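Worth saying up front: this structure is predicted, and the values here are computed from it rather than measured.
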Amino acid sequence: MRRRVCAFCVDKVKFIDYKAVDVLSRYVTERGKIRPRRKTSTCARHQRELTVSIKRARYLALLTYVGGTQG
């Protein structure tokens, strides 16, 4: 089985921007939880940066804290 590589390392991303909502939303579940490293295959460094960026985007209301609708 091949080892999955970090998408941010492959693209040589220096900084994960909190304003790039389309990128960040891929790493959040439908319920609004941040996906774990083992599911997203990001490296530890980029996972930490990703978490901070998601939290900043939530604070500025670019992303929701809770996903979906309640019914």
If you look at every heavy atom in Phe8 and Val23, which pair is closest and at what distance? CE2-CG1, 4.2 Å

Please tell me whether Tyr18 and Val52 are part of a single hydrophobic cluster in this structure, the criterion being side-chain heavy atoms less than 4.5 Å apart. no

In Å and rounded to the nearest 0.5 Å, what is the CG to NZ distance from Leu50 to Lys55? 11.0 Å

Would you name the heavy atoms of Leu24 and Ala57 that are closest together and state the gap between them? CD1-CB, 3.9 Å

Hey, which of Glu49, Arg37, Arg48 is the one that makes side-chain contact (heavy atoms from CB on, under 4.5 Å) with Thr42? Arg37

Give, for atom CZ of Arg4 and atom CZ of Arg38, the distance between the pair rounded to the nearest 0.5 Å. 11.5 Å

Where do Leu62 and Lys19 come nearest, in terms of heavy atoms and distance? CD1-CA, 4.2 Å

For Lys14 and Arg45, the nearest pair of non-hydrogen atoms, with its separation, is O-NH2, 4.3 Å

Identify whether Phe15 and Leu60 are in the same connected component of the hydrophobic contact network (ILVMFWY, side-chain heavy atoms under 4.5 Å). no

Treating Ile, Leu, Val, Met, Phe, Trp and Tyr as nodes and any side-chain heavy-atom pair under 4.5 angstrom as an edge, say whether Tyr65 and Val21 lie in one connected cluster. yes

Please find the pair of heavy atoms, one from Gln47 and one from Thr40, that lie closest to each other, and give the distance. OE1-OG1, 3.6 Å

So, for Arg58 and Ile34, which heavy atoms are closest and what is the spacing to 0.1 Å? NH2-CG1, 3.9 Å

Can a donor-acceptor pair be found, under 3.5 Å and without considering hydrogens, that links the side chain of Ser53 to the backbone of Ile16? yes

